[in-house]
There are 2 protein chains.
Amino acid sequence: MTTHDYAFNRLRQAIMVGAFRPGTSVTIRGLAEALESSPTPVREALRQLTSIGALQFLENRRIVVPHITPARFEELISLRIALESHAARRAVAHLSERQIQQIAAVDDSIETEIRGGDKVAALIANQAFHRMIYTANPDPVAMPLIESVWLQLGPILGIAMEHVTELYVVDRHREAIEALRRRDEEAVADAIAADIREGIGGFDQQAVARLLRLAA
Amino acid sequence: MTTHDYAFNRLRQAIMVGAFRPGTSVTIRGLAEALESSPTPVREALRQLTSIGALQFLENRRIVVPHITPARFEELISLRIALESHAARRAVAHLSERQIQQIAAVDDSIETEIRGGDKVAALIANQAFHRMIYTANPDPVAMPLIESVWLQLGPILGIAMEHVTELYVVDRHREAIEALRRRDEEAVADAIAADIREGIGGFDQQAVARLLRLAA
DNA sequence: TTTCAGAAAATGTGATCACAAAAAGAGATT
DNA sequence: AATCTCTTTTTGTGATCACATTTTCTGAAA
């Protein structure tokens, strides 16, 4: 693995799980030092991250984690619903019984992580649940786009996690798995849409605005 | 504008209008020479283009324009439909009468370009038509994703254009504009979906397979 | 205390170079 | 003619440096 790949994956993962707050600025040399490398591969990684909306190069050449407004948040959630219900529908026909079994196992692991109280681990497991469904499609062209949206939601997700004391399960995963077993494409799509809407999407504009104020 | 930006935009535009064929390999030094710059900014541009699916870094570190299979083509078209009908629906409420007028003007310019026989210009005008609708949304978070799909379709689009002798209009733009004027979100979404499906999406799998054979 | 000008430091940019890996070519062998 | 091996060339990678811009710091003036 190249230095560039390492830097890209490290940063990407950090942003995805909310380790950076909106508005945070990063420097090439700072990250290069932190990752014990040099500006060249780090700058490439940062440039790639801007391409997928995870970071932003401002006019004055500062590099920042994008700000999120309530309106933008709502756009991102509705985009998640459009993209992921589409990807789920497209994956149904390709899923084997064995794969559905594995997906159910990952769903169980989410509850385990929640009981363990590890928010980041629960989040990663939840993403794995969704990813396993969508990537059953042999041509998962939607997956990179979905991950781009996840990355853009990452920073506010980090803020939300800071202010959640009690973790509890609010998902439609069981419903989705049942629909997968029945090969019911519309039911799968509906379950995924509801899962997103009632999960992080369940934060209404006021709640998001409150979170963003707390972060500022 | 930085050297990197110039390289990125040049390459991006070239791929978007089908100037590169699937499987074409590019070299950093080659492009650096062609663009009269050096490897560093070119490599950054190429890395960004891989992030959005326009290029691919292979295992052996070769950089190529991705191959397209009939199945992948079909996935990309259905993704276009899902993304763009969503974006169009979300834009309707934000469009002013004046903007709709401008969109209609761009639609006229498409026909002008087609009569002039300039395929690339017609293609660019067509993209402008779609872009103007989607970016009416003040938070056009879907637009970068849509352009990513356009980029991935670019290479096969270039092949298709090589084998089209006669240009003719097959679009639902008029229908979409009328629906915009009526503020009918569903009708707009349907018109856009039909426009994509009957346009480039109208190539069936056999036609695509034929095109790809011709390109090989 | 606030404001402003100049100096110093920090930062992004891009060209260059050394290195390693991969590809291409040349020549011998079967 | 085909295959293999060794050499040469090409190519991606990453560290470094010089430069220009931006930001931050410092101190004087209002």
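Just so it is clear: chains get the letters A, B, ... in the order the sequence lines come, proteins before strands, and each one is counted from 1.
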Undergrad: Side chain of B:Ile63 only, heavy atoms from C-beta on: which candidate in C:dA15, C:dG12, D:dG12 is closest?
TA: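 Selected nucleotide: D:dG12.
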
Undergrad: If I take atom CZ in residue B:Arg61 and atom P in nucleotide D:dG12, what distance separates them, rounded to the nearest angstrom?
TA: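 So the CZ-P distance, B:Arg61 to D:dG12, works out to 10 Å.
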
Undergrad: To the nearest angstrom, how far is A:Asp5 atom CG from D:dG12 atom P?
TA: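 After rounding, the gap between these two atoms is 15 Å.
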
Undergrad: For the pair made of OH in A:Tyr6 and C1' in D:dT13, what is the distance, rounded to whole Å?
TA: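 About 18 Å, once rounded to whole Å.
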
Undergrad: Nearest to the side chain of B:Pro41, which nucleotide is it out of D:dT13, C:dG14, C:dT11?
TA: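 From the listed options, C:dG14 comes nearest.
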
Undergrad: Please determine if A:Glu44 and B:Arg47 form a salt bridge, counting it only when a charged side-chain N lies under 4.0 Å from a carboxylate O.
TA: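 Here A:Glu44 pairs with B:Arg47 in a salt bridge, since their nearest N and O are under 4.0 Å apart.
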
Undergrad: Pick the nucleotide of DNA chain D nearest each of A:Thr2 and B:Arg62; which residue has the one closer to the 5' end?
TA: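 Its nearest nucleotide lies further toward 5', so the answer is B:Arg62.
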
Undergrad: Please state whether the base of C:dG12 and the side chain of A:Arg29 form at least one donor-acceptor pair under 3.5 Å?
TA: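 Answer is yes: a donor-acceptor pair is held.
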
Undergrad: Could you work out which one of D:dA15, C:dT13, C:dA15 sits closest to the side chain of B:Ser38?
TA: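 Among the listed nucleotides, the one closest to the side chain of B:Ser38 is C:dA15.
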
Undergrad: Quickly work out the A:Leu58 CG to C:dG12 C1' distance and round it to whole Å.
TA: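 Answer to the nearest Å: 13 Å.
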
Undergrad: Is the phosphate of D:dG14 approached by A:Thr40 (side-chain N or O, under 4.0 Å from OP1 or OP2)?
TA: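 No, because none of the side-chain N or O atoms of A:Thr40 sits under 4.0 Å from OP1 or OP2 of D:dG14.
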
Undergrad: So, are A:Glu74 and B:Arg90 salt-bridged, with charged N and O less than 4.0 Å apart?
TA: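 So A:Glu74 pairs with B:Arg90 through a salt bridge.
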
Undergrad: In whole angstrom, give the distance that lies between atom CG of B:Leu46 and atom C1' of D:dT13.
TA: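 B:Leu46 atom CG is separated from D:dT13 atom C1' by 13 Å.
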
Undergrad: Is the base of C:dG12 touched by the side chain of A:Arg47 through a donor-acceptor pair closer than 3.5 angstrom?
TA: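 A donor-acceptor contact between them is absent.
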
Undergrad: Whole Å only: how far is the CE atom of A:Met1 from the C1' atom of D:dG12?
TA: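 Distance check: A:Met1 CE to D:dG12 C1' gives 17 Å.
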
Undergrad: Suppose we call a contact any N or O donor and acceptor under 3.5 Å apart; does that hold for the side chain of B:Arg43 and the base of D:dG14?
TA: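 Looking at the base of D:dG14, it does pair with a donor or acceptor on the side chain of B:Arg43 (distance under 3.5 Å).
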
Undergrad: Separation of A:Glu36 atom CD from D:dT16 atom P, in whole Å?
TA: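 Nearest whole value for this atom pair: 13 Å.
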
Undergrad: Please indicate whether A:Glu33 has more than 12 foreign heavy atoms, meaning atoms of other residues, nucleotides or ligands, lying under 6.0 Å from its CD.
TA: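 Count not over threshold, so no.
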
Undergrad: Quick one: is A:Asn60 getting a side-chain N or O under 4.0 Å of the D:dT23 phosphate, OP1 or OP2?
TA: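 Yes, because at least one side-chain N or O of A:Asn60 sits under 4.0 Å from OP1 or OP2 of D:dT23.
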
Undergrad: Tell me: CG of A:Leu35 to P of D:dG14, nearest whole Å?
TA: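 It works out to 12 Å between those atoms.
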
Undergrad: Where the side chain of A:Pro39 is concerned, which of D:dT16, D:dA15, C:dT11 is the nearest nucleotide?
TA: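 That would be D:dT16.
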
Undergrad: Heavy atoms only, 4.0 Å cut-off, all strands: where does A:Val42 land among base, sugar-phosphate and nothing?
TA: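 If one applies the 4.0 Å heavy-atom cut-off, A:Val42 turns out to touch nothing in the nucleic acid.
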
Undergrad: Is it the case that atom OH in A:Tyr6 sees more than 12 heavy atoms from other parts of the structure closer than 6.0 Å?
TA: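 No - once you tally the heavy atoms of other residues, nucleotides and ligands closer than 6.0 Å, there are 12 at most.
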
Undergrad: Take atom CD of B:Glu162 as the centre, draw a 6.0 Å sphere, and report whether it contains more than 12 heavy atoms from other residues, nucleotides or ligands.
TA: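 Check passes, neighbour count above 12.
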
